[in-house]
Number of protein chains: 2
Amino acid sequence: MSKETDQSEPGLMRLITQISKALHRRSTEEALGMRFKSFLLLSYLRDHQAATQQELEGALLADANAVVLLLNELEAARWSIRRRDPDDRRRHLVEMTAAGRQALERAEQARENLEEEILQGISPDERATLYRLLSKVAEAVLQPAEPRS
Amino acid sequence: MSKETDQSEPGLMRLITQISKALHRRSTEEALGMRFKSFLLLSYLRDHQAATQQELEGALLADANAVVLLLNELEAARWSIRRRDPDDRRRHLVEMTAAGRQALERAEQARENLEEEILQGISPDERATLYRLLSKVAEAVLQPAEPRS
DNA sequence: TATTGTTATACTCTATAACTATA
DNA sequence: TATAGTTATAGAGTATAACAATA
């Protein structure tokens, strides 16, 4: 009665939460050369040049305030820059600087090392599967996440 | 040059972080009938009766302080209870009360609904695979996470 | 009037160290 | 002296609302 080996998942959420916490705990500023949040933002900027701050809010699942604070830090480090959008001068277009790209590359290396360590027991095929499934999950869980109005 | 379809993972960490954040954001106290942390702790207690607080620290990836605070809350709600371990009176053995089990069952239902919603596009086979792979990852990422001494 | 970003503020969470009691 | 848990406190993270500039 203590173990139900049906198909009942004993908790995807517990699993995800644990992994996320452990990953975050290991992604120290020392290891990445920057804070984990900075890494996520720069990583997004590399893939989406000239992002608006609202875009970043969605990508980082952070509120407007958090994005502002983080961008202040990044600009102080000369890793990103905010320019006014000529088409709508209320908007900022955020871009990564060359220094930002360099810093990101170092952090990416650290991330790859960490992932390699974590995925050591998992075959390339399985890794691809895992990535594909997680992408699906991410899509589903992000889509209807209505911003608290 | 913008898309490298090698086998380079564009970021398992970003994926996990996003999913974890989104799940946490959706697991409101309203939906679960309790805080997400409480849910995780009770969920662990159901599977491991009479856990010590150190055990809980490891399971929740929280420090001693956080566990104490959370147990204070749970005890105030009459969902758990700390008893002295007769074999070592420094230790506490934490147990779930009947009321705790009831509250957990409601929360479990909410969790299952949420997971069902999230995993809708994923087949049972794929779910099993996802769960298996995540368990492997969790094991690897948790194992060498030496507690900062 | 609505929207984008900023500032100010409060609230929560997490981490650290000192303390109590037991070993 | 070392360990399990507690308390106190500070720091980081997060959420909320008021504000300025622009649409």
Side-chain angles (χ1 to χ4, degrees), chain A residues 17-18 20-30 32 34-41 50-76 80-95 145-149, chain B residues 17-18 20-30 32 34-41 50-76 80-95 145-149:
Chain A
T17 303
Q18 273 190 335
S20 175
K21 267 196 171 184
L23 284 176
H24 187 262
R25 183 171 284 200
R26 286 184 177 216
S27 307
T28 60
E29 185 163 359
E30 185 187 26
L32 295 180
M34 65 180 64
R35 281 142 51 91
F36 185 61
K37 299 179 88 165
S38 306
F39 165 71
L40 287 179
L41 196 151
T52 66
Q53 296 187 200
Q54 292 200 335
E55 216 180 313
L56 294 172
E57 292 171 29
L60 275 63
L61 258 45
D63 58 19
N65 179 39
V67 172
V68 169
L69 264 43
L70 185 50
L71 286 178
N72 289 348
E73 274 188 43
L74 290 178
E75 283 200 1
S80 72
I81 187 166
R82 278 173 282 205
R83 292 188 304 100
R84 285 280 170 196
D85 181 349
D87 295 343
D88 183 344
R89 289 190 45 74
R90 290 173 304 183
R91 280 206 183 87
H92 279 151
L93 298 178
V94 185
E95 288 174 10
E146 70 236 32
R148 51 202 70 178
S149 62
Chain B
T17 303
Q18 272 191 332
S20 175
K21 267 196 171 184
L23 283 177
H24 189 261
R25 184 171 283 200
R26 286 183 174 219
S27 306
T28 61
E29 185 163 2
E30 185 187 27
L32 294 181
M34 67 181 63
R35 281 142 51 91
F36 185 62
K37 298 179 86 165
S38 305
F39 166 71
L40 288 179
L41 196 151
T52 66
Q53 296 186 200
Q54 292 200 335
E55 216 180 314
L56 294 172
E57 291 171 31
L60 276 60
L61 258 45
D63 58 20
N65 179 38
V67 171
V68 169
L69 265 41
L70 184 50
L71 285 178
N72 289 348
E73 275 188 42
L74 290 178
E75 282 200 0
S80 73
I81 188 167
R82 278 173 281 206
R83 293 188 305 101
R84 285 284 170 194
D85 182 349
D87 294 344
D88 183 345
R89 289 190 44 74
R90 291 174 303 183
R91 279 206 182 89
H92 280 152
L93 298 178
V94 185
E95 288 174 11
E146 68 233 33
R148 50 201 70 178
S149 64

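To find a chain, count down the sequence lines: A is the first, B the second, and so on, and within it residues start at 1. Just so it is clear, the model here is predicted, and its values are computed rather than measured.
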| request: Have a look at A:V67 and tell me which of A:L69, A:L71, A:N65 forms a side-chain contact (heavy atoms from CB on, under 4.5 Å) with it. | output: A:L71
| field | Whole-Å gap separating P (C:dC13) and CZ (B:F36) | value | 13 Å
| Nearest-Å distance, CZ (B:R83) to P (D:dA4)? | 18 Å
| field | Between D:dT6 (P) and B:L74 (CG): distance, integer Å | value | 12 Å
| OP1 or OP2 of C:dA23 sitting under 4.0 Å from any side-chain N/O of B:R91? | no
| Euclidean distance, atom CD of residue B:Q53 to atom P of C:dA21 [Å, nearest integer] | 16 Å
| Roughly, in whole Å, what's the span from CG in A:L60 to P in D:dA15? | 12 Å
| Does any N or O in the side chain of B:K37 come within less than 3.5 Å of the main-chain N or O of B:L60, such that one atom is a donor and the other an acceptor? | no
| said: Strictly by salt bridge (Lys or Arg N to Asp or Glu O under 4.0 Å), give each pair with a member in residues 62-76 of chain A just once, sequence neighbours left out. | reply: A:R35-A:E73, A:E75-A:R82
Just the table, please: protein N/O against nucleotides 19-23 of chain D N/O, every pair under 3.5 Å.
residue, atom, partner, partner atom, Å
D:dA23, OP1, A:R89, N, 2.9

| said: Quick check on DNA chain C: between B:D63 and A:E57, whose nearest nucleotide comes earlier from the 5' end? | reply: A:E57
| query | In whole angstrom, what separates B:E73's CD from D:dT6's C1'? | reply | 16 Å
Could you run down the sub-3.5 Å N/O contacts of the protein with nucleotides 7-9 of chain C?
residue, atom, partner, partner atom, Å
C:dA8, N6, A:N65, OD1, 3.4
C:dA8, N6, A:N65, ND2, 3.2

| query | Rounded to whole angstrom units, what separation is found between the CG atom of B:L71 and the P atom of D:dA4? | reply | 16 Å
| task | Keeping the roles fixed (side chain from A:S38, backbone from A:M34), state whether a donor-acceptor pair exists under 3.5 Å. | result | no
| task | Ignoring backbone atoms, establish whether A:H24 has a side-chain N or O less than 4.0 Å from OP1 or OP2 of C:dT14. | result | no
| Heavy-atom count around A:R84 CZ within 6.0 Å, excluding the residue itself: above 12? | yes
| Stepwise, does the side chain to side chain contact (heavy atoms under 4.5 Å, CB included) test hold for A:E95 with A:R83? | CA-CA 8 Å; A:E95 288 174 10; A:R83 292 188 304 100; 2.7 Å; yes
| said: If I take atom CD in residue A:E75 and atom P in nucleotide C:dG5, what distance separates them, rounded to the nearest angstrom? | reply: 13 Å
| So, is A:Q54 near the phosphate of C:dT4, with a side-chain N or O under 4.0 Å from OP1 or OP2? | yes
| Below 4.0 Å: OP1/OP2 of D:dT14 and any side-chain N or O of B:R25 | no
| task | Any chance you could lay out the side chain to side chain contact (heavy atoms under 4.5 Å, CB included) test for B:L41 and B:L56, step after step, and finish with the verdict? | result | CA-CA 7 Å; B:L41 196 151; B:L56 294 172; 4.2 Å; yes
| request: Could you walk me through whether B:F36 and B:T28 pass side chain to side chain contact (heavy atoms under 4.5 Å, CB included), step by step? | output: CA-CA 7 Å; B:F36 185 62; B:T28 61; over 6 Å; no
| Any A:Q53 side-chain heavy atom under 4.5 Å of A:V68 side chain | yes
| field | A:K37 side chain near D:dT14 phosphate (N/O to OP1/OP2, under 4.0 Å) | value | yes
